[in-house]
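Take a look at the structure set out below.
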Amino acid sequence: MRRQGTLFPLAQMAGVTKSLMARGRLLERISLTPEGISIDEVVRGIDIALDDGLPVLNFSFHSPSLKPGYTPYVRKDEDVTAFYDWWHHVLSYLAQRGVKPTSIADIDANILR
């Protein structure tokens, strides 16, 4: 089972870089984005994050990816369809896992001060 752990912060303190750890297969970074990340990869990242109890998942994409031709991720109309399909699958999976959307105000209200 893969989990987030303390290896990365400890390695950073020792001066080991993320890229060196990734090349040695000690670290895998899964960005939560439809841009270059498959549904299977992002579901694995979601599962790791949720199983580790992370309270917030932040997804991102470049807004020009909403139309073909402006980013390398969405070059043609079929890519736009795939882009939206990615979101449909991911949002459906999040709902199955009981994840609900939130707002900055909700996050701020729940931060322990």
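- Atom NE2 of H88 is separated from atom OG1 of T81 by 13.5 Å, given to the nearest 0.5 angstrom.
- V74 places none of its side-chain heavy atoms less than 4.5 Å from the side chain of K67.
- Between atom CD1 of residue I39 and atom OH of residue Y93 there is a gap of 12.5 Å, rounded to the nearest 0.5 Å.
- Taking the side chain to side chain donor-acceptor pair (under 3.5 Å) definition, one finds that S65 meets it with E35, T71, sequence neighbours left out.
- Nearest heavy atoms, S60 versus P34: O-CD, 3.6 Å.
- Partners of S38 under the side chain to side chain donor-acceptor pair (under 3.5 Å) rule, at least two apart in sequence or in another chain, are E41.
- Residues forming a side-chain contact (heavy atoms from CB on, under 4.5 Å) with L57 (at least two apart in sequence, or on another chain): L32, I46, A49, L50, F59, L94.
- Remark: of the listed residues W86, W87, Y70, Y84, W87 is the sole one forming a ring-ring contact (aromatic ring centres under 6.0 Å, His included) with F61.
- Rounded to the nearest 0.5 Å, atoms OG1 (T102) and CG (D106) are 4.0 Å apart.
- Between atom CG of residue N58 and atom CD1 of residue I107 there is a gap of 8.0 Å, rounded to the nearest 0.5 Å.
- Screening residues 72-101 for salt bridge (charged side-chain N to carboxylate O under 4.0 Å, His left out), with sequence neighbours left out, gives D47-R97, D51-R97.
- Note: the hydrophobic cluster containing I111 does not contain I104 (ILVMFWY, side chain heavy atoms under 4.5 Å, direct or indirect links).
- Pairing each heavy atom of P68 with each of V80, the nearest pair is CD-CG2, 3.5 Å.
- Under the rule for a ring-ring contact (aromatic ring centres under 6.0 Å, His included), Y73 has no partner lying at least two apart in sequence or in another chain.
- Annotation: side-chain contact (heavy atoms from CB on, under 4.5 Å) contacts of S63 (sequence neighbours excluded): none.
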